[in-house]
Amino acid sequence: MSYELIEQNDKIIIKDIKNFEPKHIFECGQAFRWHVEDDGSYTIVAYGKILNIKKEGNDAVFSNTNKEDFKSIWYYYFDLHRDYDEIKKELSKDPILEKAIKFGEGMRILNQDEWEILISFITSANNMISRIKKSLNLLSEKYGEFIGEYRGNKYYSFPTANSLNKLSVEDIKECGLGFRAKYILSAANIVDRREMDIYAIKNMPTDDARKNLLIFPGVGPKVADCIMLFSMEKSDAFPIDVWVKRVMEYFYLEEDTKLKLIQEYGQEKFGELAGFAQQYLFYYARELGIGKKK
DNA sequence: ATCCAGGATCTCG
DNA sequence: CGAGATCCTGGA
């Protein structure tokens with residue numbers, strides 16, 4: 001993919017970018033550490049850096065950064081090497097996906113840090129986005145490193161496995177994590193003691209990667225698929241949360257279909273693009289409240 | 001006050 | 001095995 005890049009002050013601007021809409025990117029359930037500013041821009045913290053991203057007309061404006069960080073971090077983070085026109089073209093052969101894509105046309109799958117995503121999606125179990133965000137921010141504030149202030153808000157790095165492994169279950173519970181606290185502590189322990197190399201899983205085939213992730217307590221099929229999709233470039237993963245279940249049952253299957261069956265159906269139907277299909281469907285279902293009872 | 005949203009895990013048949 | 005109960009917590 002080639003882009004027209006402009007560098008000015010602390011900004012990098014991509015002119016006439018397609019398939020890029022911060023709202024679609026951040027509000028489709030894949031990331032939690034973002035903050036919407038008054039001007040509609042999104043401030044995010046990832047890989048120890050603070051970035052503000054805003055769509056201005058047809059341009060994407062990356063603020064509080066420089067060309068080096070853009071090239072080494074954000075280009076990959078925002079999946080800018082990938083051709084979303086191709087993905088959309090293929091998925092649009094399905095009439096339902098065609099509609100869903102129109103809705104979230106600017107969605108991209110982010111490439112996030114494996115450790116942070118492991119903890120984030122353990123936190124997501126039986127939880128809702130507003131509280132997940134709150135818990136992860138608290139955890140970072142208390143146990144991460146202060147990075148800096150941006151537009152009046154303070155930002156902290158995500159705590160390392162080593163720093164979480166020093167805590168008690170009670171410490172972690174104080175971040176509003178409830179029954180998930182013990183899972184987070186176990187994960188920190190496993191990763192800190194290198195019983196599992198979380199960064200090696202990405203290099204495994206999807207099925208092996210899934211098996212390895214399921215070893216972590218608090219990680220089940222849905223969470224494992226989220227981790228693979230959002231931090232390990234496993235685009236064939238098809239995480240099924242309540243929203244995807246609803247939208248799949250509503251359009252493709254019937255009510256009360258077993259999760260395993262929906263999973264197989266999705267993998268079969270969308271193949272290597274299942275993860276992208278899942279994201280478009282999730283955003284579509286949530287924005288429209290599709291299949292929600294009452 | 002009581003109910004509800006949310007996946008993993010535990011328990012029971 | 002599969003079905004159903006249980007776990008936390010903030011917001012209505």
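The sequence lines fix the lettering, A, B, ..., with proteins before strands; numbering per chain opens at 1.
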Worksheet item: Dot-bracket for DNA chain B: what is it, with Watson-Crick or G-U pairs under 3.5 Å, [ ] where a pair crosses earlier ones, and | for a pair to another strand?
Response: .||||||||||||
Worksheet item: Can you find a heavy atom in the side chain of A:Arg210 that is under 4.5 Å from one in the side chain of A:Asp225?
Response: yes
Worksheet entry | Length of the CD1-P vector between A:Ile122 and B:dA8, whole Å | 10 Å
Determine all donor-acceptor pairs shorter than 3.5 Å in which one atom belongs to a side chain in residues 139-146 of chain A; sequence neighbours excluded.
residue  : atom : partner  : partner atom : Å
A:Ser140 : OG   : A:Arg33  : NH2          : 3.3
A:Ser140 : OG   : A:Leu136 : O            : 2.9
A:Lys142 : NZ   : A:Glu174 : OE1          : 3.3

Worksheet item: How does each nucleotide of nucleotides 7-12 of chain C score, in 5' to 3' order, for protein heavy atoms under 4.0 Å: base (B), sugar-phosphate only (S), or none (-)?
Response: BBBB--
Worksheet item: Would you say the side chains of A:Glu37 and A:Tyr150 form a donor-acceptor pair under 3.5 Å?
Response: no
Worksheet item: Atom OG in A:Ser186, atom CG in A:Asn165: separation rounded to 0.5 Å?
Response: 9.5 Å
Worksheet item: Going through the distances and angles, do A:Phe62 and A:Phe20 end up as a ring pair (Phe, Tyr, Trp, His ring centres under 6.0 Å)?
Response: CA-CA 12 Å; A:Phe62 299 76; A:Phe20 191 104; 5.8 Å; yes
Fill in: Nucleotide C:dA3, atom P - distance to CG of A:Leu261 in whole Å
12 Å
Worksheet, complete the sentence: By nearest-nucleotide position on DNA chain B, the 5'-leaning member of A:Val219 and A:Arg286 is A:Arg286
Discussion item. Can you tell me how the ring of A:Trp115 sits relative to the ring of A:Phe158, calling it parallel under 30°, perpendicular over 60° and tilted otherwise?
Written reply: perpendicular
Worksheet entry | Gap between atoms CD1 and P, on A:Ile132 and B:dA8 respectively (whole Å) | 12 Å
Item to complete: Please report, rounded to the nearest Å, how far the P atom of B:dG6 is from the NZ atom of A:Lys245.
Response: 13 Å
Worksheet item: Relative to the ring of A:Tyr75, is the ring of A:His81 parallel (under 30°), tilted (30 to 60°) or perpendicular (over 60°)?
Response: tilted
Worksheet item: Can you list every pair that meets ring pair (Phe, Tyr, Trp, His ring centres under 6.0 Å) and has a residue in residues 189-237 of chain A, with sequence neighbours left out?
Response: A:Phe121-A:Phe230
Worksheet entry | Whole-Å gap separating P (B:dG6) and NZ (A:Lys133) | 16 Å
Worksheet item: Can you check whether A:Tyr283 and A:His24 have ring centres sitting under 6.0 Å from each other?
Response: yes
Item to complete: Answer yes or no: is there an ion pair linking A:Lys71 with A:Glu68, defined by an N-O contact shorter than 4.0 Å?
Response: no
Worksheet item: So which of residues 222-239 of chain A are in contact with DNA chain B, with a heavy-atom cut-off of under 4.0 Å?
Response: A:Lys222, A:Val223
Worksheet item: So A:Tyr284 and A:Phe251, would you call those rings parallel, tilted or perpendicular, with 30° and 60° as cut-offs?
Response: parallel
Worksheet item: Heavy-atom count around A:Glu149 CD within 6.0 Å, excluding the residue itself: above 12?
Response: yes
Fill in: Pi-cation contact, A:Trp74 with A:Lys49 (under 6.0 Å, within 45°)
no
Practice prompt. Return the residues of residues 206-215 of chain A meeting this criterion: a heavy atom under 4.0 Å from some atom of DNA chain C. Order them by number, or give none.
Written response: none
Worksheet item: Out of B:dA8, B:dG6, B:dT9, which has the shortest distance to the side chain of A:Tyr183?
Response: B:dT9
